[in-house]
Asks: 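Before I ask anything, let me first share the structure, which is written out below as structure tokens.
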Amino acid sequence: MELHRLGLLTFLSLLQVWLILSLTEAEILSSRLLLASNDRTPRERHSKDYCSMYDICGKRSDGKVVNCPFGSPAVKPDDLLSSKIQSLCPTITGNVCCTEAQFETLRTQVQQVIPFLVGCPACLRNFLNLFCELTCSPDQSLFINVTSVDKVGGNLTVGGIDYFVSDTFGDGLYDSCKDVKFGTTNSKAIQFVGGGAQNVKEWFAFIGKKAPPNGLGSPYAITFPENAIKSSGMEPMNVSSYSCSDISLGCSCGDCPSSSVCSNSSSSTTQKKDSCSLKVGTLTVQCVDLTLTVLYIILICVFFGWGLYHRVRERKPVYRTKSVSNVTNGGMLYSHNQEKEENLPMHQIIEDVSQNRNEVRLSAVQGYMSNFYRKYGLYVARNPNVVLASSLAIVILLCVGLIRLKVETRPEKLWVGPGSKAAEEKQFFDSHLAPFYRIEQLILGTVPDDVNSTAPRIVSEDNIKFLFEVQKKVDAIRANHSGLMVSLKDICMKPLDTDCATQSILQYFKMDPDNFDNYGGVDHLSYCFEHYSSADQCMSAFKGPLDPSTVLGGFSGNDYSGASAFIITYPVNNAIDKEGNETAKAVAWEKAFIQLVKNELLPMAQSKNLTLAFSSECSIEEELKRESTADVITILVSYLVMFAYISLTLGDTPQLSSFYISSKVLLGLSGVILVMLSVLGSVGIFSALGVKSTLIIMEVIPFLVLAVGVDNMCILVHAVKRQQLDFPLERRISNALVEVGPSITLASLSEVLAFAAGSFISMPACRVFSMFAALAVLLDFLLQVTAFVALIVLDSLRAEDKRVDCFPCIKVHSVHADPDKGIGQRKPGLLARYMKEVHAPILSIWIVKMVVIAIFVAFALASIALSTRIEPGLEQEIVLPRDSYLQGYFNNVSEYLRIGPPLYFVVKNYNYSSESTHTNQLCSISQCNSDSLLNEVAKAALVPGTSYIAKPAASWLDDFLVWVSPEAFGCCRKFTNQSYCPPDDQPPCCAPEEGGSCVSAGVCNDCTTCFRHSDLHNDRPSTTQFREKLPWFLSALPSADCAKGGHGAYTSSVELKGYDSGIIQASSFRTYHTPLNKQVDYVNSMRAAREFSSRVSDSLKIEIFPYSVFYMFFEQYLNIWKTALVNLAIAIGAVFIVCLVITCSLWSSAIILLVLTMIVIDLMGVMAILNIQLNAISVVNLVMSVGIAVEFCVHMTHSFTVASGDKDQRVKEALGTMGASVFSGITLTKLVGVIVLCFSRTEVFVVYYFQMYLSLVLLGFLHGLVFLPVVLSMFGPPSRCIITDQGADRSSTSS
């Protein structure tokens, strides 16, 4: 998204380079033609050693010189001129057809082109030969024919010529140059010197175009006919052409991919990992799907075979007699008294020795816990006020830490871990090179047609003028920062320190509305779309070429005129210190910019029937802050619904005569308050320790703790209700805690450990969330077994004393108010009766058990297959409020942008000394290693589908080596005092005149090139030469005479600090990713870039890493699956260990482990079905699902373990007692709270909380009340309930 905009801005660095190239071409053409035109004889002659044009006969009004149209014999030059000509044109010896003035014109003009082509000597040699032969060849008349003449200044001059060039030379010229890079712009040199020609014919047509006054091109027309006329004695120019694959000429792999050296080198691309698949008929099946299908068939066959075997065996008389005997021995008294006692709580059946003499032998830990809860229950029942006051005092004391509460809202602090490799690389890039700029963007689009849904073209006169109005308002923004008025010019990025590098189609008019009509309006745009890289009039106000694809959207191919959107990008300077003054000024302007768009520009666009999407650098952070308050009402409603349900479910069946006594509204409200106190206590403790909170903690943790805490509240109240009414209150409370206390403790400890496992996630927001949640659940559990139990005691006393709920001071004396009906009614409720009389008998049917096992195993295996389809990532649209203006912006970015985010390859500790091989291991021009970094990048760009690299890298090193080379004689120059001498078209070498032209001032006449070939070693500067000239290069402005100046393009690409030692600590090479539209594209592009850099680093033994602005936020997804699986394993393992320690039953713990694992796997399958991505939020949800799912398993398994009878009877008993509590207290409670979240205004709540939690609740319910009972009835552990004789020693404690 913003990364696309970044791409646009990098073009700014190209600056005047493009300009220079175009000018160069035009003038070179002029020279050649001029030089060929001085034929003094009226007759036409085509023969060897004869000229078609000789000398210069005039100068056009725009300064372009024109040749004489008269033929003459070739002339022998003096020795000085001959040596000069051969230095540039080694194929020309002996006589020549050019004067010294003509040659100097040629030399001056080709010097502008040399920097573009010098990296590939073969291309440069061919290109120079084309113009050398045109200008100075002694056999000029054989292939040059003057076809028309003009009159300039009273003299006849050449008006047009035919230039016959052989197909062999033409094709060789184009083939050698077509792939040569111009690094500054990450593009090909042919874009500048050939107008983007696709073949030699197009290139020659570009070269031969006659320039209008003050326009680009040749001063006369040049036609390149395909065949020479044999009868005329003419023959095509056919000097030898050089192939770029010629090793002796040393073209790099980046400039000549067809070279044998390059094609034989190892592939540098990252191969896509194809998933395993098989062809079954016409159907393609994934290997994992086929494997799991076969596995399922095998398991089901084995299971059904085993089931049938046991079914047949059970029906045999001997087996049935043995079975009945076992049941009699193990549970005879239970069966005898079952009808009598079926409505009694389980612990009473176990405890009442006078009736059944059944006893439960618990584990040592459970026995200790039961003893503790028995004594503790008696204490609480006798001292409820003390327990309530002390527990509340402690938790309120913990809340004191809230005075140090701080909330973290910075995205980089929320989603990037402190040990993040990407964060360290970003810090290195920002501190050693320069922070990536801030992006402000507008996307102005047309409204699609209702009939065919196609958007009209946006390039029209009205829309351009409207865009000028928009720009005027943006320029007029003045933001107040500490009393200082900040404008765009104060903060924008200025490559050449003058004009803002605004990326807008208005740059084709130099951002000046007066130029719209002066330049020709919309027709001028059509011209610039084709000649943006070469036409001076199309250059931007900041002196750089502007690629139409960066400022237009919604077009196909290169049909820029068919675009349906304008893309306007304002790059703003960034600062390392995010809290500093520079950043604060930018943020102030950005906020004013957003307000302007909302209040003025948006209505203006709508009135023009246009759409307007917009964003600023601070938009996401501001919208996330707003999101934190967007769902306050939704969350409050969720709490209120759960509170209402709690109050309803805690009370008894409403009866008009006693509902005000039996209701539990006050108790439910008190429970909710305890939940809030547990959350505040958790936040207070961590705040006191200096841990910053997050907004998501405030929103989600109370809901989670309430959902978890309600279970325990319901289980405790229902356990008290099941006690016999003739027991005193103390014993009822004590017995209730003995009955459910161990399972509540087991479930709560499992939840705490499962939540705490999330603290292993490296992402700060999720780690802090998990820590806060774990402590909040722990505090909630402690408050429930202390304060809430005390509240139950006080509420029971209130009911017994016939006091009104919510108004306990009011006492009712009516005989209809029977407190017993609200306290200890023995008759089970409708739900309990359903569980015992309907649900359990159905699940006990043999065929039902088989079907249940088959279905649940099938869904688990299917979920494993589906989970492999889960994609990593977190779409930004989901995180933001649904009504956020960024929603439309992100949609437009995906629809319109055609450029990927910038990608930098950063090199650390580059040794540029002569003794080091680093230079040739990095560069990509002549004599560089074929496997150098930049050559490998160029090769990777050939396969963008797998490498995600769109184009070769812009290389400051290549351009510097070209800049200092003697061939680029207009670049690195020095005065006689050895100081830097700029190109001739820059001050002080020339003086500016009106109209923008520059006239030589004579100051630089004595300037010479920095080096001769003899001064360099293998065309490379020495350590001292490199050290001295690098600062010159980085401060050199690009211009027509030398397009390779590094200022602007490479100002922040090299760190000069400490470079005197021969080591450059940091430097970068810029390229682009391919367009990235989906989250998985960002993840895969980052993975590919890292794999590429790692491989090249290992090969070259140089430390290299890739950097792009989005890497820091997407690094988590590279190993998100490992993070998820490790944390889930820790969470499930923690639950298993807790269960094993408390129950001392490997059997029970293994069954709980199995069900928990299946719930998590099934939840991941549902994620795949619902297209929920894998990210830190979903990982935390998965980890928390382990803790929440424990509730559905532990209570049922514990009840089954302590029940008596055969397995079916024990399942029936467990469902009748605990099943109802699990359904009403766990399933329904969570369900009503979760459903409210579907009305959230933020998609993240709907997707990651409503959908995932609803799925979890439903899966937990199905596994806990359907699958688990079936598994227990078939494979459950033996009962801990045994028969003892009357008076036998009962050392164990009843559950």
Side-chain angles (χ1 to χ4, degrees), residues 17 20-21 24-25 27-28 31 83-92 103-133 135-136 173 176-177 180-184 189 192-193 241-242 244 246 248-252 254-256 919-920 923-928 955-974 980-985 1007-1022 1025-1026 1029-1030 1032-1033 1036 1038-1046:
V17 170
I20 303 166
L21 298 176
T24 301
E25 289 188 326
E27 311 214 330
I28 293 176
S31 320
S83 63
K84 284 183 179 181
I85 292 175
Q86 290 186 39
S87 67
L88 187 67
C89 308
T91 60
I92 298 178
F103 174 76
E104 289 301 327
T105 301
L106 170 67
R107 186 177 184 276
T108 300
Q109 293 173 339
V110 297
Q111 82 173 33
Q112 301 171 349
V113 180
I114 286 174
F116 293 90
L117 307 178
V118 71
C120 181
C123 168
L124 178 62
R125 184 71 270 149
N126 290 334
F127 188 83
L128 291 177
N129 283 346
L130 177 70
F131 292 104
C132 285
E133 294 295 321
T135 306
C136 293
L173 167 66
S176 66
C177 295
V180 175
K181 307 184 309 295
F182 180 57
T184 310
F192 301 91
V193 300
S241 61
Y242 299 92
C244 67
D246 187 342
S248 64
L249 293 173
C251 292
S252 70
D255 292 333
C256 186
T919 296
N920 286 340
C923 66
S924 64
I925 60 171
S926 174
Q927 301 186 27
C928 297
S955 170
W956 68 266
L957 181 57
D958 285 356
D959 285 357
F960 171 66
L961 295 177
V962 169
W963 187 82
V964 299
S965 68
E967 283 87 353
F969 45 79
C971 293
C972 185
R973 307 197 306 169
K974 57 187 178 181
Y980 172 63
C981 175
D984 284 332
D985 59 351
C1007 288
T1008 57
T1009 57
C1010 294
F1011 306 112
R1012 296 187 298 270
H1013 279 288
S1014 58
D1015 297 328
L1016 305 177
H1017 178 66
N1018 292 330
D1019 288 337
R1020 296 290 182 262
S1022 67
Q1025 292 168 340
F1026 197 113
K1029 299 304 182 283
L1030 181 58
W1032 287 16
F1033 167 71
S1039 63
D1041 280 359
C1042 180
K1044 292 288 185 177

Asks: Counting only N and O atoms by type, is there a donor-acceptor contact under 3.5 Å from the side chain of Arg973 to the main-chain atoms of Pro982?
Replies: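 Checking the backbone N and O of Pro982 against the side chain of Arg973, a donor-acceptor pair under 3.5 Å is found.
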
Asks: Is the distance between the SG atoms of Cys1042 and Cys971 less than 2.5 Å?
Replies: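 Looking at Cys971 and Cys1042, their sulfur gamma atoms lie closer than 2.5 Å, so the answer is yes.
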
Asks: With a 4.5 Å cut-off on side-chain heavy atoms, are Asn126 and Ser241 touching?
Replies: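 Ser241 reaches Asn126 side chain to side chain.
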
Asks: Are there more than 12 heavy atoms of other residues, nucleotides or ligands under 6.0 Å from atom NE2 of His1017?
Replies: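 No, not enclosed.
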
Asks: In Å, rounded to the nearest 0.5 Å, how long is the span from CZ of Phe127 to SG of Cys120?
Replies: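 Answer for the CZ-SG pair, Phe127 versus Cys120, is 13.0 Å.
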
Asks: For side-chain contact (heavy atoms from CB on, under 4.5 Å), just list the numbers for Arg1020 and Gln927, CA-CA rounded to whole Å, side-chain angles, deciding distance to a tenth of an Å, and then say yes or no.
Replies: CA-CA 9 Å; Arg1020 296 290 182 262; Gln927 301 186 27; 3.8 Å; yes

Asks: Identify the two heavy atoms, one from Phe1011 and one from Pro966, that lie closest to each other, and give their separation to 0.1 Å.
Replies: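 Scanning both residues completely, I find the closest heavy atoms to be O-CG, 3.5 Å.
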
Asks: If every non-hydrogen atom of Cys1010 is compared with every non-hydrogen atom of Lys1029, which pair is closest and at what distance?
Replies: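 Cys1010 and Lys1029 have their closest heavy atoms at SG-CE, 3.9 Å.
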
Asks: Find out whether Leu961 and Thr919 are in side-chain contact, i.e. whether some heavy atom of one side chain is under 4.5 Å from a heavy atom of the other.
Replies: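 Yes. Closest side-chain heavy atoms under 4.5 Å.
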
Asks: If you compare the SG positions of Cys244 and Cys177, is the separation below 2.5 angstrom?
Replies: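 No disulfide here.
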
Asks: Check whether any side-chain heavy atom of Leu88 lies under 4.5 Å from a side-chain heavy atom of Leu106, and answer yes or no.
Replies: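 Side chain of Leu88 against side chain of Leu106, heavy atoms only: contact under 4.5 Å found.
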
Asks: Please give me the minimum heavy-atom distance between Gln1025 and Leu1016, naming the atom from each residue.
Replies: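 Shortest heavy-atom contact: OE1-CD2, 3.7 Å.
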
Asks: Measuring from Ile925:CD1 to Phe960:CZ, what's the distance to the nearest 0.5 Å?
Replies: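 So the gap between those two atoms works out to 10.5 Å.
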
Asks: With heavy-atom distances below 4.5 Å as the criterion, would you say the side chains of Phe1033 and Val964 are in contact?
Replies: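 No, every pair of side-chain atoms sits at 4.5 Å or beyond.
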
Asks: Got Glu967 and Pro121 here, is their nearest side-chain heavy-atom distance under 4.5 Å?
Replies: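 SC-SC contact between Glu967 and Pro121 ruled out.
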
Asks: Of the non-hydrogen atoms in Arg125 and Tyr242, which two are nearest, and what is the gap between them?
Replies: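 Closest heavy-atom pair between Arg125 and Tyr242: CG-CE1, 3.3 Å.
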
Asks: Atom CG of Leu957 and atom CG of Leu1030: how far apart are they, to the nearest 0.5 Å?
Replies: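 With rounding to 0.5 Å, CG (Leu957) is 9.5 Å from CG (Leu1030).
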
Asks: Quick one: closest heavy-atom pair of Asp958 and Cys923, and the distance?
Replies: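 In this case the closest contact between Asp958 and Cys923 is OD1-CB, 3.1 Å.
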
Asks: Could you grab the distance from atom OG1 of Thr91 to atom CG of Asn129, nearest 0.5 Å is fine?
Replies: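 The distance works out to 4.5 Å.
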
Asks: Give, for atom CG of Leu130 and atom SG of Cys89, the distance between the pair rounded to the nearest 0.5 Å.
Replies: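 Reported value, rounded in 0.5 Å steps: 11.0 Å.
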
Asks: Mind listing the closest non-hydrogen atom pair of Ile92 and Glu133 along with its distance?
Replies: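 Nearest pair, atom of Ile92 first, then Glu133: CG1-OE2, 3.9 Å.
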
Asks: Is Cys1007 disulfide-linked to Cys981, taking SG-SG under 2.5 Å as the test?
Replies: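 Correct, these two cysteines form a disulfide.
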
Asks: Nearest 0.5 angstrom please: Lys1044 NZ to Trp956 CH2, how far?
Replies: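 These two atoms lie 13.5 Å from each other.
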
